[in-house]
Amino acid sequence: AQHRMSPQRLTQHLNALAIRSYRVLERHSSGGWDAFARLFLVEFPQTVRAEWKLFWWCSVLFYVPTLLLIVVTPYYPEWSMAMLGPEGMMQAEMMYGKGSTLAANVRNQFGSDFKMFCFYIMHNIGIDFYTFASGLLAGVGSLIVLVFNGLSIGSMAGYIAYAGDPQLFYTFVVGHSAFEITGMVVAGMAGFRLGLSVLKPNRLSRRDALVLAGRKAMPLLVGATLMTFSAAIIEGFWSARELPAAMKYTFGGMCWLLVAAFLLLSGRRPTDAA
């Protein structure tokens, strides 16, 4: 109907019927742990690959500010100092200062590994949902959250390299960063998918376009949540352990390879091209 330039009322009616049919079919075909496993193991990586432009766009929004502050801080430390503020600098020096013991600092702050795990669950998954929901503001909210988090992490890493013990910092974050950062980027993708539906509904009404965008974004949101949950497990029970740096870097590298292989290969049919 769209190809033949049919009246708008007709195309809107057909779109509404298609959406209702999709809901009925989905309601009858989905349910249980099998559907949830398929959502994460198949639909999530398929959606990331299908939305590869959004993936790289969100990655740029996060990584460019991060790397910028890491590179600039040794020459202009006031940039990171302004971003962190006095409290942030004190916390950075306490946790990752020269001669600090990270495990002792973490346990003094949280009391136990389980409490630390619970804190990271609440904090990091909250950031993911905020990144996703703020995408309703035509994608601007997701953009701001990604850039701000990139600046925050970059300023922390840059300031620690300037005034603290960078190896202490990197051996702590390397284990869980693959899951946590990728989860944040994917949540940004989901937010931008909502924002684009508001900006460009095409021939759909904005309400219907938002419904369809929400359904397309659902695998992304579920995947981001589970990846962030995995990061919290590692951060709570592994990252603060006093282990050889080589072991932690090796584990972190394996996590990055696992995430990359999962997003690139999982959910492919045997006939799909590599």
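In what follows, residues are counted from 1 in the order of the sequence shown. Because the structure is a prediction, the values reported are computed rather than measured.
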Minimal heavy-atom distance between Val185 and Leu146, with the atoms involved, is CA-CD2, 4.4 Å
Considering non-hydrogen atoms only, spot the tightest contact between Tyr96 and Leu168 and give its length.
CA-CD2, 3.7 Å
Within the structure provided, determine whether Val174 and Phe251 are in side-chain contact (heavy-atom separation under 4.5 Å).
no
Are Leu151 and Val60 connected in a single hydrophobic cluster, I mean Ile/Leu/Val/Met/Phe/Trp/Tyr linked by side-chain heavy atoms less than 4.5 Å apart?
no
For the backbone of Gly154 and the side chain of Thr66, can you confirm whether one donor and one acceptor N or O come within less than 3.5 Å of each other?
no
Could you walk me through whether Leu263 and Phe44 satisfy the side chain to side chain contact (heavy atoms under 4.5 Å, CB included) test, starting with their C-alpha distance in whole Å, then the side-chain angles of each, then the deciding distance to 0.1 Å, before giving a yes or no?
CA-CA 8 Å; Leu263 294 179; Phe44 167 50; 3.9 Å; yes
When you look at Tyr159 and Met83, which way does the side chain to side chain contact (heavy atoms under 4.5 Å, CB included) test go after all the steps?
CA-CA 10 Å; Tyr159 182 75; Met83 188 70 195; over 6 Å; no
Just say parallel, tilted or perpendicular for the rings of Phe117 and Phe229, cut-offs at 30° and 60°.
perpendicular
State whether the number of non-hydrogen atoms from other residues, nucleotides or ligands found under 6.0 Å of Trp57 atom CH2 is greater than 12.
no
Any side-chain heavy-atom pair of Leu143 and Phe192 under 4.5 Å:
yes
Is the number of heavy atoms from other residues, nucleotides or ligands within 6.0 Å of CD (Glu87) greater than 12?
no
On a heavy-atom basis, the closest approach of Thr73 and Ser80 is OG1-OG, 2.5 Å
Does the Glu180 side chain pair with the main chain of Ala231, one donor and one acceptor, at a distance under 3.5 Å?
no
Identify whether Met218 and Val48 are in the same connected component of the hydrophobic contact network (ILVMFWY, side-chain heavy atoms under 4.5 Å).
yes
Mark yes or no for whether Ser266, through its side chain, and Leu41, through its backbone, hold a donor-acceptor pair below 3.5 Å.
yes
Check whether the ring centres of Phe262 and Phe40 lie less than 6.0 Å apart, and answer yes or no.
yes
Check Leu84 against Ser155 and note the closest heavy-atom contact, atom names and distance.
CD2-OG, 3.6 Å
Judged by atom type as modelled, is there a donor-acceptor pair below 3.5 Å linking the side chain of Arg215 to the main-chain atoms of Val211?
no
Which heavy-atom pair separates Thr131 from Met184 by the least distance, and what is that distance?
CG2-O, 4.4 Å
Side chain to side chain contact (heavy atoms under 4.5 Å, CB included) for Glu43 and Val222? Distances and angles first, verdict last.
CA-CA 10 Å; Glu43 295 180 28; Val222 171; over 6 Å; no
Taken to the nearest 0.5 Å, the spacing of Ser197 OG from Leu136 CG works out to 7.5 Å
Using side chain to side chain contact (heavy atoms under 4.5 Å, CB included), reason through Met189 and Thr47 one step at a time and then give a plain yes or no.
CA-CA 10 Å; Met189 293 173 61; Thr47 306; over 6 Å; no
Let me check something: do Met89 and Met94 share a hydrophobic cluster, defined by ILVMFWY side-chain heavy atoms less than 4.5 Å apart, either directly or through other members?
yes
What's the shortest heavy-atom distance between Asp128 and Ala224, and which atoms?
OD2-O, 3.5 Å
